[in-house]
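Right, one structure below, let's go through it.
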Amino acid sequence: QSAHRAGLRSFIRYGWRWSWRVATFVTIFNTVSTGLSVYRNKTTISNFASAGAFTGALFRMHLGLQGVAGGFMFGTAFGIPAGALLMAMQKFAGETLQEKRNREHRELYEQKLAEWQSRLNVTEVLGQTEGDTQGGPEMERAGES
């Protein structure tokens, strides 16, 4: 029981130290990989490898040039399988993030186009109504003269 308590205490102590580091690492990794995917307009393994390399190098920068190189290699080595896993999960789900983004973009475009066409139709109807009301009596007066 005392070993269990000691393990729990150390988990709480060191878990807090590592939790913010892991959260920051994952946030930077996802930001870089998503940014590359949006910029390149495609999702590839190289995006995840680049994101892992950048994040690994960033976290090992305080160790000098050797630390940056090691972090670069470590990040690349773990970015490739992480990216492959994420891409496989997206394919398994039935729709990749790229396909979802394209679909939502197309739906938004179609919605805006429909709104624009309905406003244009209302404007045409109003123009015809004004023309009928203005042109109607004038035409009758012109016919009487």
Side-chain angles (χ1 to χ4, degrees), residues 1-139 142:
Q1 189 175 9
S2 63
H4 184 274
R5 287 186 194 141
L8 185 61
R9 277 194 309 265
S10 64
F11 177 76
I12 291 170
R13 180 182 309 139
Y14 295 110
W16 173 253
R17 288 182 186 173
W18 281 97
S19 66
W20 70 267
R21 292 178 181 145
V22 170
T24 305
F25 186 91
V26 169
T27 301
I28 293 171
F29 178 83
N30 284 331
T31 302
V32 172
S33 66
T34 303
L36 287 172
S37 295
V38 169
Y39 179 74
R40 294 178 176 173
N41 201 21
K42 61 182 176 179
T43 303
T44 60
I45 295 291
S46 64
N47 292 350
F48 295 103
S50 300
F54 175 78
T55 309
L58 187 68
F59 268 74
R60 293 294 170 201
M61 192 172 21
H62 69 282
L63 298 176
L65 192 56
Q66 288 180 338
V68 169
F72 186 87
M73 298 303 282
F74 182 78
T76 303
F78 281 100
I80 292 171
L85 179 65
L86 287 171
M87 290 177 66
M89 288 174 52
Q90 289 174 6
K91 288 284 187 188
F92 183 70
E95 186 179 39
T96 64
L97 290 178
Q98 183 69 34
E99 292 168 350
K100 180 181 178 186
R101 187 170 38 244
N102 289 341
R103 179 182 50 81
E104 289 175 349
H105 183 68
R106 186 181 64 250
E107 289 173 355
L108 181 64
Y109 173 76
E110 290 171 355
Q111 179 185 2
K112 286 185 177 184
L113 182 64
E115 289 176 8
W116 181 77
Q117 288 176 339
S118 68
R119 288 180 183 168
L120 185 62
N121 290 339
V122 168
T123 305
E124 289 175 359
V125 169
L126 286 176
Q128 289 174 356
T129 312
E130 284 181 6
D132 291 344
T133 57
Q134 290 177 358
E138 290 176 9
M139 296 290 259

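Predicted model only: the values in this text are computed from it and were never measured.
For the pair Asn47/Thr44, a side-chain contact is recorded, criterion being any heavy-atom separation below 4.5 Å from C-beta on. Residues Arg103 and Glu95 meet the side-chain proximity criterion, which asks for heavy atoms closer than 4.5 Å. Taking the side chain as every heavy atom from C-beta outward, Val68 and Met61 approach each other to under 4.5 Å.
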Let me have the donor-acceptor pairs involving side chains of residues 48-59, under 3.5 Å, with sequence neighbours excluded, atom names and distances please.
{"residue": "Ser50", "atom": "OG", "partner": "Ser46", "partner atom": "O", "Å": "2.8"}
{"residue": "Thr55", "atom": "OG1", "partner": "Ala51", "partner atom": "O", "Å": "2.7"}

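Under the 3.5 Å distance criterion, the side-chain polar atoms of Thr34 are left unmatched by any main-chain donor or acceptor of Thr31.
Atom CG of Leu113 has more than 12 heavy atoms from other residues, nucleotides or ligands within 6.0 Å. Environment of CD in Glu104: crowded, with over 12 heavy atoms of neighbouring residues, nucleotides or ligands closer than 6.0 Å. Annotation: Arg119, atom CZ; neighbour count of heavy atoms from other residues, nucleotides and ligands within 6.0 Å does not exceed 12. The environment of Met87 atom CE is dense: over 12 non-hydrogen atoms of other residues, nucleotides or ligands sit within 6.0 angstrom.
Note: Phe92 CZ to Met89 CE = 9.5 Å, rounded to the nearest 0.5 Å. Considering CG of Leu86 and CD1 of Ile45, their distance stands at 9.0 Å, rounded to 0.5 Å. The distance from atom OG of Ser33 to atom CD1 of Ile28, rounded to the nearest 0.5 Å, is 12.0 Å. Rounding to the nearest 0.5 angstrom, the gap separating the CG atom in Leu8 from the CZ atom in Arg5 is 10.0 Å.
The aromatic rings of Phe29 and Phe25 sit parallel to each other, their planes meeting at less than 30°, with 60° as the upper class boundary.
Every residue two or more places apart in sequence or in another chain was checked for a salt bridge (Lys or Arg N to Asp or Glu O under 4.0 Å) with Arg40, and none qualifies.
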